[in-house]
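Each remark here refers to the structure printed beneath this line.
No experiment lies behind these values; they were computed from the predicted model shown. Numbers here are sequence positions counted from 1.
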Amino acid sequence: MKNYSEMKGYKKLEFRVIPTLVDSLSSFFSARIRYDPSPMNYLKDEYGLDVSLLPNRGVYIIDDEKTVVLGKFIQNKTVEYIFSIEILGVNLSYVPSFLNSLEAVIARKLSNNTCLQLAEDYFFFGDQLLERTIIHFLGKGHYNQSALQVLMQSFHKISSFQYEGNPFTTGLLLTKSYVDFIKNKSLKERGGFLSELRSKLVIIGSTTVNKRLWFLVDGESTFFLATMYRGKTLIQNYFTLESSDVRNNGFVDNYNLVKTMKGNDILFRVTGCAEFSITTPKGIDFNYKEGKWIFRNLEWYISMLCSLLKGERTVMESLLNYLFLLSKRRTSSIIWIPEKEKEITNITNNINILTKDEITITNVNHKAIITRIFSSDGTIILSKNGSLISFSTMISYDNNIAGPLSGTGEKVAGYLSKNGVAIKVSQDGSIKIFHQGKIKTTL
């Protein structure tokens with residue numbers, strides 16, 4: 001095993017292949033990426049890792065904010081050369097199997113092509129790499145990967161459809177436990193019930209997507225139920241969530257369908273215009289939005305917010321619910337949760353209080369007014385317990401203080417986050433969480 005920098009022709013890859021790989025992983029994980037063409041000594045000195053001792057291993061989770069993935073060139077079942085990709089600033093300790101899929105897909109591509117071929121096919125290391133990895137992770141040992149590819153491409157198409165001039169949401173639940181579903185049409189333990197279709201639907205590569213049919217299920221309370229048979233996706237039922245089940249669960253549990261999805265089930269759903277997601281029972285969510293893939297885990301976001309703000313889970317779940325609503329509606333907003341509330345007046349030009357009674361994001365009766373408040377201009381200020389402190393607040397700040405953040409809204413959020421946490425929802429649907437003046441993560 002040698003460093004990639006010792007490989008003849010390696011410079012050809014550093015012109016386009018490596019930048020494309022680094023950019024796609026940085027965007028996908030919302031993380032900083034460090035590439036090293038000569039990692040063997042660095043990994044040994046920095047982390048005490050002698051990767052030559054375990055040539056078959058390609059993923060090393062250092063801690064909650066550092067992960068190393070090796071790019072391997074394999075010839076005759078022997079690892080000849082390696083480079084390293086460090087994924088920094090995001091906790092991936094709970095998804096080692098996905099990281100193993102990423103490493104395997106990269107190694108297969110590197111090992112089956114010459115440097116010249118890789119350089120010409122550099123665009124593979126963007127969306128193609130991510131989609132191959134997602135399919136490998138979801139399908140290995142469970143589903144036909146070619147059929148999963150067809151299903152993913154179908155949802156790319158469906159997400160771009162409009163019905164009577166408007167985009168629509170829809171969804172499909174793919175299961176290996178189809179027999180368990182049909183044995184009991186009323187499935188209390190699955191949080192809903194089945195209805196059988198008059199005619200079964202088959203999704204294969206040549207299938208024409210019928211948008212009128214997909215419009216009938218909303219991907220929120222109703223879903224098509226599908227299984228795979230001989231490389232084809234078969235739809236014979238639709239599944240309806242019990243209304244009480246939707247009403248009584250928390251946001252994260254509802255989003256992940258924790259009572260419905262089990263084992264190796266996979267949820268495909270269109271969530272907005274040209275936007276869809278693929279979710280696993282463990283809450284791992286692959287979201288395609290604004291032409292790029294994003295890796296998400298709602299449980300991690302909740303834990304992160306609870307840790308940063310030392311707040312209650314119910315408050316953070318309610319906050320995440322509103323953030324996703326704003327994102328879906330493509331509504332711009334800045335939300336600030338200060339650590340030291342006494343210092344608010346030092347940097348605000350006004351404090352607006354709507355009612356004498358307390359308005360909180362955890363109170364479902366306040367949903368309508370909170371939604372409008374979050375959609376208003378200026379900054380919304382919340383307490384750690386979810387109470388509204390002020391809305392349409394104007395912030396007084398020095399343009400030079402916030403540092404190298406892209407837009408005015410991001411500069412304000414970065415500035416505010418020096419005291420607590422600030423969140424910027426943009427009109428493109430992106431959600432950025434700021435802490436200590438920097439972007440902590442992007443949803």
Side-chain angles (χ1 to χ4, degrees), residues 166-167 251 271-273 275 289-290 301 305 308-309 311-312 314-399 401-402 405-435 437 439-443:
N166 296 308
F251 168 69
T271 52
C273 180
E275 178 181 340
K289 178 169 61 176
E290 296 295 319
Y301 296 139
L305 289 170
L308 294 177
L309 294 166
E312 295 292 330
T314 53
V315 176
M316 301 309 148
E317 279 210 55
S318 297
L319 176 60
L320 203 61
N321 185 13
Y322 283 108
L323 294 178
F324 271 54
L325 180 62
L326 292 169
S327 175
K328 181 178 179 180
R329 294 182 177 181
R330 300 296 195 266
T331 302
S332 178
S333 185
I334 299 175
I335 300 162
W336 179 30
I337 309 169
E339 175 72 25
K340 302 172 184 176
E341 292 184 12
K342 292 181 179 180
E343 298 182 5
I344 291 174
T345 55
N346 295 342
I347 58 171
T348 56
N349 293 330
N350 61 310
I351 295 294
N352 296 317
I353 302 172
L354 184 64
T355 64
K356 292 182 179 180
D357 297 325
E358 184 180 52
I359 296 176
T360 67
I361 61 174
T362 54
N363 189 333
V364 294
N365 295 319
H366 295 163
K367 182 177 180 179
I369 189 65
I370 287 288
T371 301
R372 287 298 178 91
I373 286 173
F374 275 25
S375 303
S376 62
D377 60 356
T379 297
I380 296 90
I381 306 176
L382 298 175
S383 69
K384 293 179 187 178
N385 67 6
S387 298
L388 179 67
I389 296 175
S390 178
F391 69 97
S392 294
T393 312
M394 298 298 109
I395 305 299
S396 174
Y397 77 101
D398 184 339
N399 284 326
I401 291 177
L405 299 169
S406 59
T408 301
E410 288 194 12
K411 287 184 178 181
V412 172
Y415 177 54
L416 293 173
S417 72
K418 293 180 179 181
N419 175 11
V421 169
I423 303 164
K424 175 68 173 73
V425 183
S426 300
Q427 289 182 336
D428 65 1
S430 65
I431 304 169
K432 294 182 179 179
I433 299 176
F434 295 79
H435 180 59
I439 297 174
K440 180 70 176 177
T441 192
T442 302
L443 281 68

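Judged by distance alone, with hydrogens and angles left aside, the side-chain atoms of N419 form no donor-acceptor pair with the main-chain N or O of P338 at under 3.5 Å. A donor-acceptor pair is defined here as one N or O able to donate and one able to accept, closer than 3.5 Å; such a pair exists between the side chain of T355 and the backbone of D357. Not a single donor-acceptor pair under 3.5 Å links the side chain of T393 to the backbone N or O of I380. A donor-acceptor pair under 3.5 Å is formed between the side chain of S318 and the backbone N or O of T314. In this structure a side-chain-to-backbone donor-acceptor pair under 3.5 Å is missing from K432 to E410.
At least one side-chain heavy atom of F374 sits under 4.5 Å from a side-chain heavy atom of L382. Between I344 and E341, the closest side-chain pair of non-hydrogen atoms falls below 4.5 Å. Considering only heavy atoms from C-beta on, I337 comes within 4.5 Å of L319 through its side chain. Using a 4.5 Å cut-off on side-chain heavy atoms (C-beta onward), I381 and T348 make contact. The shortest distance between side-chain heavy atoms of T360 and L388 does not fall below 4.5 Å. I433 is listed as a side-chain neighbour of V421, based on a closest heavy-atom distance under 4.5 Å.
A salt bridge links R330 with E290: at least one charged nitrogen is closer than 4.0 Å to a carboxylate oxygen. With salt bridges taken as basic N to acidic carboxylate O contacts below 4.0 Å, one links K384 and E339.
The line from NZ of K440 to CD1 of I423 is 13.5 Å long, rounded to the nearest 0.5 Å. For the atom pair I335 CD1 and F391 CZ, the distance stands at 14.5 Å (nearest 0.5 Å). One distance of note links CG of L325 with NZ of K328; it measures 7.5 Å at 0.5 Å rounding. Taking CG of N346 as the reference point, atom CD of E343 lies at 6.0 Å (rounded to 0.5 Å). The distance from atom CZ of F434 to atom OG1 of T442, rounded to the nearest 0.5 Å, is 7.5 Å. A distance of 7.5 Å separates NZ in K289 from CG in D428, rounded to the nearest 0.5 Å.
Nearest heavy-atom pair across M316 and L305 is SD-CB, 3.8 Å. The shortest heavy-atom contact between W336 and L416 is NE1-O, 3.1 Å. Minimum interatomic distance between S392 and S376 (heavy atoms only, all atoms of both residues): OG-OG, 3.5 Å. Annotation for S417 and G437: closest pair OG-N, 2.9 Å, computed over non-hydrogen atoms. In plain terms, the two heavy atoms of Y322 and I361 that are nearest each other are CE1-O, 3.6 Å. Nearest heavy-atom pair across N349 and S396 is OD1-CB, 3.4 Å.
F324 meets the ring pair (Phe, Tyr, Trp, His ring centres under 6.0 Å) test with F251, Y255; sequence neighbours excluded. For S332, the side chain to side chain donor-acceptor pair (under 3.5 Å) partners two or more places apart in sequence, or in a different chain, are K424. N385 pairs by the side chain to side chain donor-acceptor pair (under 3.5 Å) definition with S383, S387, not counting sequence neighbours.
Paired with I359 under the rule side chain to side chain contact (heavy atoms under 4.5 Å, CB included), one option of I353, I389, L354 passes, and it is L354.
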